[in-house]
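We count ligands from 1, going down the list as the structure has it; atoms in each ligand are counted the same way. Side-chain atoms are counted along with the backbone in the values below, which use heavy atoms only and exclude waters and symmetry mates.
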Amino acid sequence: MAALRYAGLDDTDSEDELPPGWEERTTKDGWVYYANHTEEKTQWEHPKTGKRKRVAGDLPYGWEQETDENGQVFFVDHINKRTTYLDPRLAFTVDDNPTKPPTRQRYDSSTTAMDILQGRDFTGKVVVVTGANSGIGFETAKSFALHGAHVILACRNMARASEAVSRILEEWHKAKVEAMTLDLALLRSVQHFAEAFKAKNVALHVLVCNAAVFGLPWSLTKDGLETTFQVNHLGHFYLVQLLQDVLCHSAPARVVLVSSESHRFTDINDTSGNLDFSRLSPSQNDYWAMLAYNRSKLCNILFSNELHRRLSPRGVTSNAVHPGNVMYSSIHRSWWLWTLLFTLARPFTKSMVRGWLLAPCTPSAHLSGGPRGPPPCVATSCPPGLSLGVWSP
Ligand SMILES: NC(=O)c1ccc[n+]([C@@H]2O[C@H](COP(=O)([O-])OP(=O)(O)OC[C@H]3O[C@@H](n4cnc5c(N)ncnc54)[C@H](OP(=O)(O)O)[C@@H]3O)[C@@H](O)[C@H]2O)c1
């Protein structure tokens, strides 16, 4: 044996042959990973050659890729009427020769949510996105749904929400996506949403608090609070409170508060440095729309930080993110002047698909152009290593 090995002719006929107990598998996106059944772990690198691979080209004619109830990808050969967990393209893999990304920055302003989720499989994960019928929330919900997550669009207007659901299903008819009513301007509605969600008896792995209003004239909600403050901050605060136990039971889980860079241009303290509650929900005389928005976004960050401090020991993390400046969503619609400003700024700002709220958190596994994050687990109930939130000012 030693002589054979010395001569390069040991007992395997190919350097690619897997050691006993190992299995080659593919992700939905065609990345190859290796499952070690003895140690119950997976890795992207071939156990012998250390190379990363992906399958080349499309499935052969008559084949289709499906996902079973445990989230594992399998293949249906319609012509021969059989199914297999073995990707038929595994015979034709190509090496992935990753180059190290620049160490300082993994993503930039041209990165889209779909780029970030490339290679990830969220099958079995439940995601709630508030205000998901338009803008950044819609793109976020769609990206999760196209990567296998069960996504709930929590929206105040069911007609707009159903239309958003249809748009996602047009892109992938198997997407698991649904709409539920949530009006953040009405605490009773937040309560109803939480009750209806809990009645579904599903986990909650990601809660994206995205909905917001901007530049509104002063108004009070039915609960007697200034509308911007209630919709952007308090409604979400209450929602997280009500769903906290579900999040903790679903750990590892994550909350994302969509804030804004503009949180810097305000203050919620009085002249002696104490929190001034009257600034949070001001009277009509003390109201300036832009300031109200900025304050609500500052509240998002303060809330996120405190939530993270309290819940991270229980496996629920929280991040506040800034999605990008003055993106042309419908957020400016409350006043023609905002619409004009957003229109003028549009050529210089990011598109909606680039207003991503998602990022993987496994630096060791990241290589540009290659699969991101840890490979799927041997036991499919394992968390996929998701982390959301890229920027916490
Ligand atoms: N666009 C930017 O440049 C920018 C910059 C920094 C931060 N952000 C943040 O990004 C997030 C998304 O904004 P966007 O630009 O995508 O704006 P958008 O398209 O206007 O989306 C806002 C969403 O919030 C929903 N919403 C409003 N009031 C609600 C309520 N009472 N209850 C439930 N949902 C409600 C809206 O629903 P309807 O369609 O029914 O009104 C809409 O779906 C916001 O948190 C915003 O502060 C945006």
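The heavy atom nearest to atom 40 (O) of ligand 1, considering only Met158, Arg160, Glu139, is found in Arg160. Of the listed options Leu239, Thr221, Asn210, Asn210 places a heavy atom closest to atom 12 (C) of ligand 1. Remark: among candidates Ala212, Cys155, Gly135, the nearest residue to atom 22 (C) of ligand 1 is Ala212, based on non-hydrogen atoms.
A heavy-atom separation below 4.0 Å is found between Ser259 and ligand 1. At least one heavy atom of Tyr293 sits less than 4.0 Å from an atom of ligand 1. Lys297 counts as a contact of ligand 1, since one of its heavy atoms falls under 4.0 Å from the ligand.
Using modelled atom types, no side-chain atom of Thr26 and backbone atom of Val32 make a donor-acceptor pair closer than 3.5 Å.
If you number the atoms of ligand 1 from 1 as listed, the ones under 4.0 Å from a heavy atom of Val258 come out as 9 (C), 10 (O), 11 (C), 45 (O). Residue contact check: Asp183 has heavy atoms under 4.0 Å from atoms 30 (C), 31 (N), 32 (N) of ligand 1. Residue-ligand proximity, Ala211 to ligand 1, at heavy-atom distances under 4.0 Å covers atoms 24 (O), 25 (C), 26 (N), 34 (N), 35 (C). Residue-ligand proximity, Pro323 to ligand 1, at heavy-atom distances under 4.0 Å covers atoms 6 (C), 7 (C), 8 (N), 10 (O). Which parts of ligand 1 touch Ala185 is read off a 4.0 Å heavy-atom cut-off, strictly below it: atoms 31 (N). Heavy-atom proximity to Ser134, at under 4.0 Å, picks out these atoms of ligand 1: 18 (P), 19 (O), 21 (O), 42 (C), 43 (O).
Here Lys200 pairs with Glu178 in a salt bridge; the nearest charged N to carboxylate O distance falls below 4.0 Å.
Aromatic ring orientation, His233 versus Phe237: tilted (interplanar angle from 30° to 60°).
Counting all heavy atoms, side chain and backbone alike, Ile168 lies closest to Phe138 at CG1-CE1, 3.7 Å.
Proximity of Ile136 to ligand 1, defined as any heavy-atom pair under 4.0 Å, is shared by backbone and side chain alike. Residue contacts with ligand 1, taken as heavy atom pairs separated by less than 4.0 Å, involve Leu182 solely via the backbone atoms N, CA, C and O. Residue Val213 touches ligand 1 through its side chain alone, judged by heavy-atom distances below 4.0 Å.
Side-chain contact annotation: Asn294 with Lys297, donor-acceptor N/O pair under 3.5 Å absent. Looking only at atom types and distance, the side chain of Asn285 has no donor-acceptor partner in the side chain of Ser283 under 3.5 Å away.
Heavy atoms from other residues, nucleotides or ligands lying under 6.0 Å from CH2 of Trp172 number more than 12.
Residue-to-ligand polar distances keep Asn157 apart from ligand 1: every N/O pair is separated by 3.5 Å or more. Of the N or O atoms in Gly131, one or more lie within a sub-3.5 Å distance of an N or O in ligand 1. Among the atoms of Gly137, none of the N or O lies under 3.5 angstrom from an N or O of ligand 1. Residue His322 has no N or O atom closer than 3.5 Å to an N or O atom of ligand 1.
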inquiry  = Show, in sequence, the C-alpha distance, side-chain angles and deciding distance for Glu306 and Arg309, and conclude whether the salt bridge (Lys or Arg N to Asp or Glu O under 4.0 Å) test is met.
reply    = CA-CA 5 Å; Glu306 182 59 17; Arg309 195 183 69 76; 2.8 Å; yes

task = Let me see the working for Lys142 and Glu139 under salt bridge (Lys or Arg N to Asp or Glu O under 4.0 Å), right down to the final yes or no.
result = CA-CA 5 Å; Lys142 184 179 81 177; Glu139 292 300 332; 3.4 Å; yes

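Residues Leu90 and Phe74 do not share a hydrophobic cluster, defined by chaining ILVMFWY side chains whose heavy atoms lie under 4.5 Å apart.
Hydrophobic cluster membership of Leu186, counting Ile, Leu, Val, Met, Phe, Trp and Tyr whose side-chain heavy atoms lie under 4.5 Å apart directly or via other members: none, as it forms a cluster of its own.
Side-chain contact between Arg254 and Asn319: present, with at least one pair of heavy atoms (C-beta onward) separated by less than 4.5 Å.
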